[in-house]
Amino acid sequence: MRIVFMGTPEAAAVSLEHLLKGPDPVVGVITRPDRPFGRGQKSVPSPVAKLAQSHKIPLAAPQKVRDPGFLTTLKNWKPELIVVVAYGRILPASILELSPQGCLNVHYSLLPRYRGAAPVAWTILNGEEKGGVTTMRLVEKMDAGPIFLQEEVSLAPDETTASFQSKLAPIGARLLLRTIEKLKDGSVQPEAQDEREASYAPMLKKEDGQIDWTLAAQAIERQVRAFQPWPSAYSYLRGKLLKIYRATVVSTEEHGLPGEVIRADQENLWILTGQGALSLEEIQLENRKKLPVAEFLKGTRVEKGERLSPG
RNA sequence: CGCGGGGUGGAGCAGUCCGGUAGCUCGCAAGGCUCAUAACCUUGAGGUCCCGGGUUCAAAUCCCGGCCCCGCAA
C-alpha cells in the first residue's frame, strides 16, 4: 500500500521510522515548514523532515495545506493511505478524502477523551492514572473520527509530559503498523466514538505555566509535571523568573500567605500553597543553570518569609 | 545580523560600575569533640579569575576580537 506520511515533532518521527521498516512503501512525507528556532532564530527542519531527508524520501513542507501546488504534489504521489501523526494543522476535506483509505491518525490519548492539541499534558494535569494511544480515521471534526485500535498505558507517579510522550511514541508506532496490517486484510472495523464521553485538551499557552499559589499543592505539582518540557511551570523570585522543574507535595503546620517561603535551609525550599506546601526539588532562575535545590541554595540565599509571586 | 544574561579552586555563587592581598555557602583532607553520625569545633590542600590581543606602574575588574553556556522568543 502506498503511504504518504504527515507529521512534525519527535514523536511523529518515531512513527515514521517504524513505518519505514514496515512492508509498505512511504512515497512522500509532509511536515510543517522550518521555523526559526532557539537563540539566533535559526531555521531548523522538523525531526520528521530530517528523517525524510536522510532516507531520501520526497518531502513537502507547505505553508498552507490548501495551497493548490501542494495539493497537486500530494495527488501525484498517488497515496492509497495517508498517515497523520502530530502534523500540527487541521486538514481540509480535500485531503481527508484524497486517498482510497482516507487518513489514518495516531492520537496520544484514550479517545474520545482528550481530543485536541495537547492530550498528554492534560492527561497529567488532571491526574489521570492511565493514558494511551488511539488510531482512528480522520474526519473534519477534530479528533472525532471512528476508532480502529486503542492501547492503554499507565502513568508513573512522577510522569511528565516529556517522559510520557516518549513512552507513548513507540507504542503508537507499533499500534499504527498493526492498524495498517488489519486495514489491509480487513480484520478491523472502525468504531464510532461515544460523543457523550468526549473531552478536550486545548493547546497550552505560555501563560498557563504561571503558578497560582492559592491552588492546592497537589494541583501545582501536577502542573509542574504536565508543563515539561513546555511551557514550564514558573513563578517569580525577587522579580526574576523562576522555573520549577520538579517538586513534591509536603504537609505543614505553618500558616502564612500562598507563595510564601516557609522553610529555607541548606537542603530544602518549601513554598506554602492554598492547601499544603510544595517542596521545590529542581529549579532554575532566569539566566542560570537548572539546579537541584540544594545546589541552588548554596549560591542564592533565600529567607523564610520571602514570597514567590506573579511578575 | 531578533532581545537579554553569564563563564571566578571539585559544585553553586559574590567581587567587575569606582583597576591595587581572590571571598562566601558547600565538598575534599587532617586533627579535635562524641557511644556514634551526613552534626559541631580547628587547621589545611586546591585557582591559567573561558581564550587571545590592547591600555596601565598595576587588569577577574577597562577596551577590541574569539569560543562556550543560559533566559526571552517559537
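In what follows, every chain begins at residue 1, and chains take the letters A, B, ... in the order their sequences are listed. The figures that follow rest on heavy atoms only: side chains count, while hydrogens, waters and symmetry mates do not.
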Roughly, in whole Å, what's the span from [atom1] in [X] to [atom2] in [N]?
X: A/K205; N: B/C72; atom1: NZ; atom2: P; value: 18 Å
X: A/L285; N: B/C69; atom1: CG; atom2: C1'; value: 16 Å
X: A/K42; N: B/C72; atom1: NZ; atom2: P; value: 17 Å
X: A/E286; N: B/C13; atom1: CD; atom2: P; value: 14 Å
X: A/F227; N: B/A74; atom1: CZ; atom2: P; value: 16 Å
X: A/K240; N: B/C72; atom1: NZ; atom2: P; value: 14 Å
X: A/D265; N: B/A39; atom1: CG; atom2: P; value: 13 Å

Using atom [atom1] in both nucleotides, what's the gap between [N] and [M] to the nearest angstrom?
N: B/G19; M: B/C49; atom1: C1'; value: 14 Å
N: B/G66; M: B/C26; atom1: P; value: 41 Å
N: B/C41; M: B/U34; atom1: C1'; value: 12 Å
N: B/G9; M: B/G5; atom1: C1'; value: 24 Å
N: B/C13; M: B/A60; atom1: C1'; value: 15 Å
N: B/C62; M: B/G20; atom1: C1'; value: 14 Å
N: B/G52; M: B/A59; atom1: C1'; value: 15 Å
N: B/G12; M: B/C50; atom1: P; value: 14 Å

I want to check one thing: is the phosphate of B/G6, taken as OP1 and OP2, less than 4.0 Å away from some side-chain N or O of A/K289?
no
Just to confirm, is there a sub-4.0 Å distance from OP1 or OP2 of B/C70 to any side-chain nitrogen or oxygen of A/Q284?
no
Which residue, A/K206 or A/T300, contacts RNA chain B at a nucleotide closer to its 5' end, judged by nearest heavy atom?
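With A/K206 and A/T300 compared, the 5'-side residue is A/T300.
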side-chain hydrogen bond (donor to acceptor under 3.5 Å, both in side chains) partners of [X], counting only residues at least two apart:
X: A/T248; result: A/E281
X: A/D265; result: A/R263, A/N268
X: A/S15; result: none

Once each nucleotide of nucleotides 23-29 of chain B is scored for protein heavy atoms under 4.0 Å, what B/S/- sequence comes out, 5' to 3'?
-SBS---
A/E260: which residues meet the salt bridge (charged side-chain N to carboxylate O under 4.0 Å, His left out) condition with it, sequence neighbours left out?
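Scan of A/E260 (salt bridge (charged side-chain N to carboxylate O under 4.0 Å, His left out), adjacent residues dropped) gives none.
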Taken in chain and number order and not counting sequence neighbours, the residues that satisfy salt bridge (charged side-chain N to carboxylate O under 4.0 Å, His left out) with A/R178 are A/E151
Quick one, A/E128 with A/T123, criterion side chain to side chain donor-acceptor pair (under 3.5 Å). Give me CA distance, side-chain angles, the key distance, then yes/no.
CA-CA 6 Å; A/E128 301 284 353; A/T123 297; over 6 Å; no
Does A/S232 reach the side chain of A/Q228, with side-chain heavy atoms less than 4.5 Å apart?
yes
Anything under 3.5 Å between a donor and an acceptor, one on a side chain of residues 154-161 of chain A, the other on a protein residue two or more places apart or in another chain? List them.
| residue | atom | partner | partner atom | Å |
| --- | --- | --- | --- | --- |
| A/E159 | OE1 | A/A156 | N | 2.8 |
| A/E159 | OE1 | A/K167 | NZ | 2.8 |
| A/E159 | OE2 | A/S163 | OG | 2.5 |
| A/T160 | OG1 | A/A162 | N | 3.4 |
| A/T160 | OG1 | A/S163 | N | 3.0 |
| A/T160 | OG1 | A/S163 | OG | 3.3 |
| A/T161 | OG1 | A/A226 | O | 2.4 |

With a 3.5 Å limit on both atom pairs, tell me what [N] is paired to, counting Watson-Crick and G-U wobble, or say none.
N: B/G27; answer: none
N: B/G71; answer: B/C3
N: B/G19; answer: none

Heavy atoms under 4.0 Å, any strand shown: does A/K290 hit a base, just sugar-phosphate, or nothing?
nothing
Residues from residues 44-53 of chain A lying under 4.0 Å of RNA chain B - heavy atoms:
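Output list: empty, so none.
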side-chain contact (heavy atoms from CB on, under 4.5 Å) involving A/D194 - partner list, sequence neighbours excluded:
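Residues passing side-chain contact (heavy atoms from CB on, under 4.5 Å) with A/D194: A/R196, A/E197.
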Looking at A/S46 and A/P9, would you say the former's side chain and the latter's main chain have a donor-acceptor pair under 3.5 Å?
no
Taking A/W122 for its side chain and A/P202 for its backbone only, find out whether a donor-acceptor pair lies under 3.5 Å.
yes
Nearest to the side chain of A/N287 - B/C13, B/A74, B/C70?
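In terms of side-chain proximity for A/N287, the closest of B/C13, B/A74, B/C70 is B/C70.
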Given B/A74, B/G71, B/C13, identify the nucleotide with an atom nearest to the side chain of A/L291.
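Between B/A74, B/G71, B/C13, the one nearest the side chain of A/L291 would be B/C13.
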Could you list the donor-acceptor pairs under 3.5 angstrom formed between side-chain atoms of residues 78-95 of chain A and any protein atom two or more places apart in sequence or on another chain?
| residue | atom | partner | partner atom | Å |
| --- | --- | --- | --- | --- |
| A/E80 | OE2 | A/R2 | N | 2.7 |
| A/R89 | NH1 | A/Q63 | O | 2.8 |

Between the protein and nucleotides 1-3 of chain B, which nitrogen or oxygen pairs come in under 3.5 angstrom?
| residue | atom | partner | partner atom | Å |
| --- | --- | --- | --- | --- |
| B/G2 | O6 | A/G40 | N | 3.4 |

Which atom pairs, one a donor and one an acceptor, fall under 3.5 Å between side chains of residues 214-223 of chain A and the rest of the protein, sequence neighbours left out?
| residue | atom | partner | partner atom | Å |
| --- | --- | --- | --- | --- |
| A/T214 | OG1 | A/D212 | OD1 | 2.6 |
| A/T214 | OG1 | A/D212 | OD2 | 3.3 |
| A/E221 | OE1 | A/R225 | NE | 3.4 |
| A/E221 | OE1 | A/R225 | NH2 | 3.2 |
| A/E221 | OE2 | A/R225 | NE | 2.8 |
| A/R222 | NE | A/L125 | O | 3.1 |
| A/Q223 | NE2 | A/D208 | O | 2.9 |
| A/Q223 | NE2 | A/G209 | O | 3.3 |

